[in-house]
Amino acid sequence: MLIKKKSPLSDNDVTPRQHYDNSRALISASRRSFLTRSSTAMLAAGLAPSTLWAGDKIADYLASESALKSELTPYEYVTTYNNFYEFGTAKGDPVVRAHTLKTKPWSVSIEGEVEKPGVYDLEDILKRQQLEERIYRLRCVEAWSMVVPWIGFPLASLIKQLKPTSKAKYIEFTTLYDPEQMPGQRSGSLKWPYVEGLRMDEAMNPLSLMATGLYGEMMPKQNGAPLRLVVPWKYGFKSIKSIVKIRFSETMPATSWNQAASGEYGFYANVNPQVPHPRWSQRRERVIGASLFSPKRNTELFNGYADEVAYLYKGMNLKTFF
Ligand SMILES: Nc1nc2c(c(=O)[nH]1)N[C@H]1C(S)=C(S)[C@@H](COP(=O)(O)O)O[C@H]1N2
Ligand SMILES: [Mo]
């Protein structure tokens, strides 16, 4: 069933950041009832508890979210310390260079094993989604981390509307390719365009978010406007920015960092302190925005989201499938 609700964030209606705290309260209130209602409906439909959030899992997530509020990374860091190689490889490059990205109009091509392929205007996609706030930890494979209040909608909600066929086992995302707008694509720092992917059950997990904003505002360009993925239990490179194509496929997609160095960056890329990167440990993380003298944080299995996602990897060797 489609949720036909106008998105609370339209262009002429951007929440000024000084009002952020109020708007956040509103969004989270509607989100809470939304989550509760949808999970009850899924239970009523007899879906297996492993594929959805039972009531206690929602409670777990909401509890962890409220704990995260006190750890929010300041807006200034979230929007100036970025990885977005399309605009250069230094952390400070995207914020000064991403202004050349044209985010309007924006369309997303839906392809592959799906009943509703086609090129969709982002505005039309958003009209059918209920935006909500999600406060998530973001753990980069480079061993630093942030806590970001995203605005977005569950990837599962979009997938259900697009109706993948029974052959669809994976979902592949592609970033815009346009060296005029993305000057970093004139260099060979990666093979362009940037591609990422998930297994279908990972994509359907309620934590997988399509984000359109942060801190109550429209997504800044350097953070992947106008539409990016956020997968909080995986290393940051899975959370692909500025998405123009979503493809459903029977086979595992060839993803950018895995193609660039398959011994260093696996397809799964689940945050795991027990599996070191070949060139550094993953046991600890530098908290961006914290004092230089603060101790590092201990990295958690699945970035702290094990209760919500561990079932996806039951029986899999996480050292082999890193
Ligand atoms: N298209 C694209 N998406 C990308 C990247 C990139 O270089 N290009 N970098 C990834 C990495 S390594 C990280 S850690 C996150 C950083 O997101 P942020 O800048 O919003 O914190 O974006 C990910 N998504
Ligand atoms: Mo990253």
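Atoms within a ligand are numbered from 1 in the order they appear, just like the ligands themselves. A quick note: this is a predicted structure, and the numbers were derived from the prediction, not measured.
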Under 4.0 Å to a heavy atom of [X] - the qualifying atoms of ligand 1, by number:
X	value
Leu138	21 (O)
Thr175	1 (N)
Ser239	22 (O), 23 (C), 24 (N)
Asn223	18 (P), 20 (O)
Cys140	14 (S)

Quick one: look at [X] and ligand 1, take heavy-atom pairs under 4.0 Å, and tell me if it's side chain, backbone, both or neither.
X	answer
Glu86	side chain
Phe237	both
Arg228	side chain
Asn82	both

**Prompt:** With a 4.0 Å cut-off, would you call Glu202 and Lys234 a salt bridge?
**Reply:**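 Yes, charged N to carboxylate O under 4.0 Å.
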**Prompt:** Are Arg97 and Gln222 linked by a side-chain donor-acceptor pair shorter than 3.5 Å?
**Reply:** no
**Asked** Between Gln274 and Gln282, do the side chains contain an N or O donor and an N or O acceptor separated by less than 3.5 Å?
**Response**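 Note: Gln274 and Gln282 side chains miss the donor-acceptor criterion.
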**Message:** Looking at Arg134 and Trp150, would you say the former's side chain and the latter's main chain have a donor-acceptor pair under 3.5 Å?
**Reply:**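 A pair under 3.5 Å: no.
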**Message:** Over 60° means perpendicular and under 30° means parallel, so tell me whether Phe302 and Tyr313 are parallel, tilted or perpendicular.
**Reply:** parallel
**Message:** Parallel, tilted or perpendicular, judged at 30° and 60°: which one describes the rings of His277 and Trp280?
**Reply:**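 Geometry flag for Trp280 against His277: parallel rings.
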**Asked** Does the ring centre of Tyr265 sit less than 6.0 Å away from the ring centre of Trp257?
**Response** yes
**Message:** Between Tyr81 and Trp144, is the ring centroid distance below 6.0 Å?
**Reply:** yes
**Request:** Please check if Val114 and Phe173 belong to a single hydrophobic cluster, counting links between Ile, Leu, Val, Met, Phe, Trp and Tyr side chain heavy atoms closer than 4.5 Å.
**Result:**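 As far as the 4.5 Å side-chain criterion goes, Phe173 and Val114 are connected within one cluster.
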Around [atom], find the nearest protein heavy atom and jot down its residue, atom name and distance.
atom	value
atom 7 (O) of ligand 1	Tyr85 N, 2.8 Å
atom 15 (C) of ligand 1	Gly236 O, 3.6 Å
atom 9 (N) of ligand 1	Asn83 O, 3.1 Å

**Message:** Heavy atoms only: which of Met182, Arg139, Gln185, Lys241 lies closest to atom 19 (O) of ligand 1?
**Reply:** Lys241
**Message:** Please compare Tyr194, Trp150, Phe87, Phe84 and report which has the shortest non-hydrogen distance to atom 10 (C) of ligand 1.
**Reply:** Tyr194
